[in-house]
Amino acid sequence: EILLNNSSISLLDDTELEEMCRNVIQDLSAYGLCVLDDFLGRKKGEAVLKEVLDIQSQGLLRNGQLVSAKSNQDQRIIRGDQICWVDGKEPHCPHIGFLISQVDAVIVRANRMLDNDRLGQYNINSRTKAMVACYPGHGSHYVKHVDNPNGDGRCITAIYYLNLDWDVQASGGLLRIFPEGWREDKVADIEPLFDRLLFFWSDRRNPHEVQPAYQTRYAITLWYFDSTEREEALRRYQKDSKY
Ligand SMILES: O=C(O)CCC(=O)Nc1cc2ccccc2cn1
Ligand SMILES: [Mn+2]
């Protein structure tokens with residue numbers, strides 16, 4: 001668990017940052033999710049991607065989702081994501097650290113905005129490390145799930161996508177969110193496009209799945225904690241929490 005630094009420096013000037021945060025808060029309040037495109041710009045986005053590729057080529061990614069080999073092997077669930085956790089301060093990933101600081105800057109600022117405008121009455125002052133994830137293709141997917149179904153403190157999921165020229169028709173890998181409260185036949189289909197940042201409430205309001213991917217699909221995820229819910233969860237689980 002990492003405390004947010006209230007003086008996270010944003011690339012944006014104050015007016016731009018304020019405008020972006022207003023947009024994030026409005027969309028989260030209205031839809032439970034928000035998509036920001038061209039978040040870092042091409043150059044910086046590519047620098048982050050290069051560091052993720054380096055992490056992968058060094059074999060640092062571990063199989064995230066368990067594969068349950070059913071009785072007969074061909075029934076096995078296709079291996080899901082391969083992951084590793086970084087805090088962004090490591091010497092080999094300064095640009096991932098920069099990405100994290102920019103997402104923190106948005107969350108810190110949004111959290112500080114006028115009360116009636118606050119992030120769904122949350123008070124956010126900490127987050128997890130960043131989870132670097134790769135879906136190796138060959139149909140790897142993530143079954144429908146809720147990130148925080150039982151009040152472990154996580155209130156916002158932030159996912160940064162790194163996939164240049166991704167074509168969902170050819171490569172799949174769509175993130176499909178089934179927002180609670182939307183009409184039964186309505187879903188949010190999010191393409192994992194390069195330099196795209198997605199925020200959504202981490203709780204039961206947003207069940208989601210990653211549809212089978214047929215190319216390697218990269219993403220970096222951060223989870224932000226609501227201080228009250230987090231304290232309560234730590235008390236309940238006596239600090240054996242996994243983050
Ligand atoms: O890559 C995407 O579009 C989202 C993938 C996704 O939901 N990943 C994910 C990964 C997780 C890993 C550990 C525990 C909970 C987790 C919940 N969600
Ligand atoms: Mn998830």
Side-chain angles (χ1 to χ4, degrees), residues 1-2 28 31-37 39 45 48-49 52-53 55-56 60-68 77-87 96 99-100 103 127-164 166-168 171-180 187-225 229-230 233 237 240-243:
E1 186 164 339
I2 295 168
L28 277 174
Y31 312 110
L33 59 99
C34 173
V35 175
L36 297 176
D37 277 320
F39 183 62
V48 173
L49 172 59
V52 169
L53 294 172
I55 287 174
Q56 181 180 36
L60 297 175
L61 296 182
R62 288 283 161 271
N63 298 323
Q65 196 180 5
L66 291 181
V67 179
S68 66
I77 294 179
I78 296 172
R79 195 177 294 287
D81 52 348
Q82 299 171 337
I83 63 170
C84 81
W85 294 89
V86 299
D87 69 11
I96 293 176
L99 164 71
I100 295 169
V103 183
R127 60 165 163 77
T128 64
K129 289 186 171 185
M131 185 186 76
V132 176
C134 166
Y135 286 77
H138 338 297
S140 51
H141 62 291
Y142 207 117
V143 294
K144 189 172 176 180
H145 66 280
V146 168
D147 283 358
N148 173 16
N150 309 314
D152 66 21
R154 291 177 291 162
C155 61
I156 292 184
T157 302
I159 308 180
Y160 182 73
Y161 294 108
L162 289 152
N163 308 292
L164 284 162
W166 186 268
D167 171 10
V168 168
S171 310
L174 191 70
L175 171 72
R176 174 162 288 178
I177 307 179
F178 305 80
E180 189 186 73
V187 292
D189 280 349
I190 315 288
E191 301 190 10
L193 303 180
F194 177 77
D195 201 18
R196 166 170 285 184
L197 180 62
L198 165 68
F199 291 110
F200 58 88
W201 301 131
S202 307
D203 62 17
R204 292 170 187 263
R205 284 171 284 182
N206 287 312
H208 54 282
E209 66 186 12
V210 176
Q211 296 185 343
Y214 297 97
Q215 300 290 329
T216 43
R217 176 191 186 277
Y218 299 99
I220 297 176
T221 303
L222 293 159
W223 282 278
Y224 289 87
F225 290 106
E229 184 181 316
R230 184 59 178 163
Y237 295 114
D240 66 359
S241 76
K242 57 189 174 235
Y243 295 102

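Reckoned from all heavy atoms, side chains included, excluding hydrogens, waters and symmetry mates. Whatever order the structure lists them in is the order used to number ligands and atoms, beginning at 1. Position 1 is the first residue of the sequence; numbering continues from there.
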Taking distance alone, with no angle check, do Tyr161 and ligand 1 share an N/O pair under 3.5 Å?
yes
Distance under 6.0 Å and angle within 45° of ring axis: Arg217 vs Tyr135:
yes
Rounding to 0.5 Å, atoms CD1 (Ile156) and CG (Asn206) come to a distance of 11.0 Å
Taking only non-hydrogen atoms of Asp147 and a 4.0 Å limit, the atoms of ligand 1 in range are 17 (C), 18 (N)
Do you know which of Ile55, Asp81, Val52 makes side-chain contact (heavy atoms from CB on, under 4.5 Å) with Leu61?
Ile55
Protein N, O or S atoms under 2.8 Å from the Mn ion (ligand 2):
3
Ligand 1 atoms in contact with His208 (distance to a heavy atom under 4.0 Å)
7 (O)
Only heavy atoms of Tyr135, strictly under 4.0 Å: list the atoms of ligand 1 that pass.
5 (C)
With Leu49, the side-chain contact (heavy atoms from CB on, under 4.5 Å) member among Ile96, Leu162, Asp195
Leu162
Looking at ligand 1, does any of its N/O atoms fall within less than 3.5 Å of an N/O of His145?
yes
Side-chain (Arg176) to main-chain (Ala188) donor-acceptor, under 3.5 angstrom
no
Pair Trp201-Asn148, side chain to side chain contact (heavy atoms under 4.5 Å, CB included): steps then yes or no:
CA-CA 9 Å; Trp201 301 131; Asn148 173 16; over 6 Å; no
Contact region, Ile159 to ligand 1, non-hydrogen atoms below 4.0 Å, reads side chain
Taking atom OH as the centre, does Tyr31 end up with more than 12 heavy-atom neighbours from other residues, nucleotides or ligands that are less than 6.0 angstrom away?
no
Numbering as shown, the atoms of ligand 1 that approach Met131 to under 4.0 Å (heavy-atom distance):
10 (C), 12 (C)
Test ring-ring contact (aromatic ring centres under 6.0 Å, His included) applied to Phe200 - qualifying residues, sequence neighbours left out:
His208
When rounded to the nearest 0.5 angstrom, what distance separates CZ in Phe225 from CZ in Arg127?
10.5 Å
Backbone N or O of Val168 within a donor-acceptor pair of the Ser171 side chain at under 3.5 Å?
no
Which atoms of ligand 1 are found less than 4.0 Å from any heavy atom of Leu175?
3 (O), 4 (C)
Heavy-atom contact check, 4.0 Å cutoff: does Arg217 meet ligand 1?
yes
